[in-house]
Each structure stands twice: as C-alpha cells, then as structure tokens.
Amino acid sequence: MYTTELQKVDPQQAPSRDPQELVDAFEARVAADAFIEPKDWMPEAYRRTLIRQISQHAHSEIVGMLPEGNWITRAPSLKRKAILLAKVQDEGGHGLYLYSAAETLGSSREEMIDALHSGKAKYSTIFNYPTLTWADIGAIGWLVDGAAIMNQVPLQRTSYGPYARAMVRVCKEESFHQRQGYDALIVMANGTDEQKAMVQDAIDRWWWPAIMMFGPSDDNSPNSAQSIRWRIKRETNDELRQKFIDATVPQVLLLGMKVPDADLKWNEERGHYDYGALDWEEFYAVVRGEGPTAKERMEARRKAWDDGAWVREAADAYEARRRLKAAA
Ligand SMILES: [Fe+2]
Ligand SMILES: [Fe+2]
C-alpha cells in the first residue's frame with residue numbers, strides 16, 4: 001500500500017535515453033514474469049519509479065508507527081498493550097526491509113530520510129488523520145492494514161526481486177495486524193452502548209480515508225499503465241479498491257455497524273458493490289500535507305532523528321575502530 005495513491009503527484013518521467021535493445025530484452029524478461037535483480041540492467045525510469053515507490057512505502061511504515069504508538073500507554077489491558085506493541089514494532093521492521101530494498105537500487109538511507117524530513121518525499125495520507133479513541137486503533141488495524149494487504153499481496157509478484165521478497169514477510173505480518181484490529185472491534189461491538197457508538201464513530205471517520213488509500217481513479221492515474229506494463233503494479237487502483245470494498249462491507253455488517261456511504265448498494269449484475277463518489281479535494285489536500293496531523297507527524301519524525309544522533313555516532317565510531325583493528 002501506501003504508494004499507489006501518490007503516483008499522480010510526481011512529475012512525469014523525462015524521455016528515455018536507454019539503448020533500445022537493452023530495453024527490449026528487459027521488457028521481454030518482465031513479460032515472462034522473471035524477477036529483475038539489483039545487478040541486472042534496468043531502464044533508468046524503472047529504477048527511479050521503484051526508488052520513489054519503495055521509499056514512499058518505507059516512509060509510510062515508519063510514520064504509521066506514530067498514530068498507534070500514541071495509544072500504547074493507554075491500551076485497555078495488558079493483552080491489548082502487548083499486541084499493539086508487537087504491531088508497532090512490526091511496522092518499524094517493514095520500514096527497515098523496504099529502506100534496504102530501495103538501497104539496492106542505489107539510493108542511500110540518508111538521502112531517503114532527508115527527503116522525508118524536508119517534505120520532498122510523500123508518505124501515505126492515511127497517517128495524517130488523528131487517533132481519537134481506542135476504537136480508532138481497532139479501525140486502523142482492520143481497515144488501514146486491511147487496505148494495505150489488498151495492495152501488497154499482488155506486490156509479492158512485483159517484478160523487482162528484493163521488493164517482492166520483502167513483501168512476503170510483510171504480508172504475513174499485515175494479516176496479523178488486520179485480525180487483531182477486527183478482534184478488538186468485535187469485543188467493543190458486543191460491549192456497552194458507549195463502546196458500540198465508539199466503534200461506529202471510528203468507522204465513520206476511517207472508512208473514506210481507507211478507501212482513498214488506493215489512490216486516484218484509473219482514468220486519473222497517468223503512471224499506472226507504465227507501472228502495470230513493467231509489472232511493478234499488478235492491479236489498477238480501482239480494481240483493488242473494489243476488491244477491498246467487496247471484502248470489507250460484510251465485515252462492517254457482521255459488527256452490527258453501518259457503512260457511512262448512502263450510495264453503497266450491491267449490484268447483482270456486476271457482482272460487486274456500487275459505492276459513492278470519493279472526496280478528491282480532501283484527498284489532494286491531505287497529499288499536499290494539509291492533513292489534520294501532518295505537521296505533528298513530521299515534527300515527531302525529525303525529533304526522533306535528532307534524538308537518535310548519538311546512536312549513529314556511536315555506530316560510526318565503533319565501525320572506525322573495528323576497521324583500524326582489522327587493518328593492524
Ligand atoms: Fe506495515
Ligand atoms: Fe501493518
């Protein structure tokens with residue numbers, strides 16, 4: 001996840017100067033479903049698209065730790081605290097696998113972190129919404145990680161080997177994240193009236209942002225076709241969005257809750273749910289960094305980076321000493 005939504009925001013690629021016979025051989029390999037590995041030749045635009053997509057994905061994982069980390073000290077029981085701690089740590093791990101995958105394409109960790117902190121790089125808009133109640137933590141696991149799974153399962157077959165392999169483990173962990181979120185909401189949905197109201201309120205606030213995580217509609221997503229041809233993406237934004245809605249609506253109903261979409265209706269002929277129009281103005285505003293908590297998120301990230309400076313310095317000093325010893 002965390003990436004398709006942002007593709008329209010980036011400028012179009014410059015015209016290619018890659019030798020045609022190399023491009024042809026590359027495209028034939030991709031079309032035959034072979035993985036492209038770090039040392040293989042690849043078109044410059046493919047490399048740049050992947051660095052952008054994988055680093056945005058990595059940024060989203062670590063920024064995504066913030067809204068949930070906010071609730072670790074307030075989890076309602078020891079069990080829920082242990083689950084939430086494990087989940088937030090998993091997200092940190094996802095960020096690390098993904099930064100490492102992007103590094104194999106020639107982008108350094110410092111460059112990527114700097115792009116995030118200076119506002120040059122984007123991350124998923126979903127993490128610019130606040131977590132107001134405990135039900136939000138359930139809703140994030142269920143809806144946000146659920147949408148992530150929809151996006152990431154096809155990425156296990158993405159054409160770039162290191163990215164595809166990182167996704168295998170990420171998807172297993174995301175599946176635990178989704179279940180723990182839904183499980184927390186089942187408990188609340190069977191609880192007091194106040195708890196039930198909290199669940200409905202969380203669904204009302206998270207439903208549309210979660211649906212928007214799949215990005216602009218296909219006719220408004222100019223880089224999509226190229227990404228599909230290169231098998232970076234395997235399904236379009238609208239296909240994934242429809243799959244998510246079809247899978248999630250029955251889960252809302254099972255909780256005894258309502259979907260906050262007056263136009264939602266099962267379409268017998270299509271075999272899918274029809275759904276209402278998305279608020280693209282809100283979407284692009286959040287992408288531009290105007291989301292309710294965007295400033296707070298970046299401040300928290302920069303502070304974490306500054307506070308961790310001594311760890312990086314200590315690691316550098318240790319490495320310098322190790323090399324000196326090895327040379328002696
Ligand atoms: Fe994750
Ligand atoms: Fe997750």
Side-chain angles (χ1 to χ4, degrees), residues 1-6 50 52-72 75 80-103 109 112-113 116 121-131 134-158 160 162-185 202 206-207 209-215 233 240 243-244 247-248 251 293 297 300-301 304:
M1 87 155 149
Y2 303 154
T3 49
T4 49
E5 61 183 313
L6 304 165
L50 273 171
R52 192 185 67 215
Q53 176 166 334
I54 299 172
S55 63
Q56 279 174 358
H57 191 163
H59 299 329
S60 303
E61 298 284 355
I62 62 166
V63 176
M65 297 169 79
L66 298 170
E68 290 183 291
N70 184 31
W71 276 90
I72 289 172
R80 294 288 167 197
K81 189 197 282 270
I83 292 172
L84 184 58
L85 258 177
K87 179 196 191 285
V88 172
Q89 283 180 343
D90 284 350
E91 306 300 7
H94 298 174
L96 293 185
Y97 315 148
L98 288 162
Y99 283 125
S100 301
E103 281 175 317
R109 184 82 57 103
M112 291 185 271
I113 296 283
L116 172 66
K122 303 286 179 195
Y123 55 89
S124 179
T125 54
I126 196 84
F127 302 119
N128 285 336
Y129 291 89
T131 40
W134 174 252
D136 286 6
I137 299 304
I140 289 184
W142 166 46
L143 296 175
V144 175
D145 292 76
I149 292 171
M150 253 339 146
N151 253 316
Q152 290 173 357
V153 164
L155 286 179
Q156 295 176 91
R157 291 289 314 145
T158 191
Y160 188 56
Y163 193 23
R165 289 188 288 273
M167 279 307 112
V168 174
R169 175 152 175 188
V170 166
C171 282
K172 285 184 188 156
E173 292 174 348
E174 294 302 354
S175 150
F176 152 64
H177 300 171
Q178 200 254 358
R179 283 172 198 203
Q180 65 82 33
Y182 195 61
D183 180 67
L185 292 186
W206 290 95
W207 180 260
I211 302 288
M212 287 183 198
M213 281 171 62
F214 296 94
K233 279 177 76 164
L240 291 167
K243 265 193 181 174
F244 175 76
T248 312
Q251 296 169 0
T293 64
R297 299 281 182 255
R301 275 299 320 155

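In listed order, ligands and their atoms are each counted from 1.
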Any donor-acceptor N or O pair under 3.5 Å, side chains His57, Tyr163:
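There is such a pair (donor and acceptor under 3.5 Å, judged by atom type) between the side chains of His57 and Tyr163.
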Distance alone, cut at 3.5 Å: any donor-acceptor contact between the side chains of Tyr99 and His59?
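Yes - a donor-acceptor pair under 3.5 Å links their side chains.
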With sequence neighbours left out, write down each residue that passes salt bridge (Lys or Arg N to Asp or Glu O under 4.0 Å) with Arg179, or none if nothing qualifies.
none
Is the gap between the ring centers of Tyr182 and His177 under 6.0 Å?
no
A side-chain contact here means heavy atoms from C-beta on lying under 4.5 Å apart; do Leu66 and Phe127 qualify?
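Leu66 does not reach Phe127 side chain to side chain.
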Restricting to N, O or S atoms of Glu174, which is nearest to the Fe ion (ligand 1)?
OE2
The Fe ion (ligand 1) to His94: nearest N/O/S atom name
ND1
Tell me which N, O or S atom from Asp145 is the closest to the Fe ion (ligand 2).
OD2
Yes or no on salt bridge (Lys or Arg N to Asp or Glu O under 4.0 Å) for Asp183 and Arg80, after CA distance, side-chain angles and deciding distance?
CA-CA 10 Å; Asp183 180 67; Arg80 294 288 167 197; 3.0 Å; yes
Presence of N, O or S from Glu61 under 2.8 Å of the Fe ion (ligand 2):
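No - counting backbone and side chain alike, Glu61 has no N, O or S atom under 2.8 Å.
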For the Fe ion (ligand 2), does an N/O/S atom of Glu173 lie at less than 2.8 Å?
no
Give a yes/no answer: is there an N/O/S atom of Glu91 under 2.8 Å from the Fe ion (ligand 1)?
yes
Let me check your reading of the structure: within less than 2.8 Å of the Fe ion (ligand 1), is there an N/O/S atom from His177?
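False for His177.
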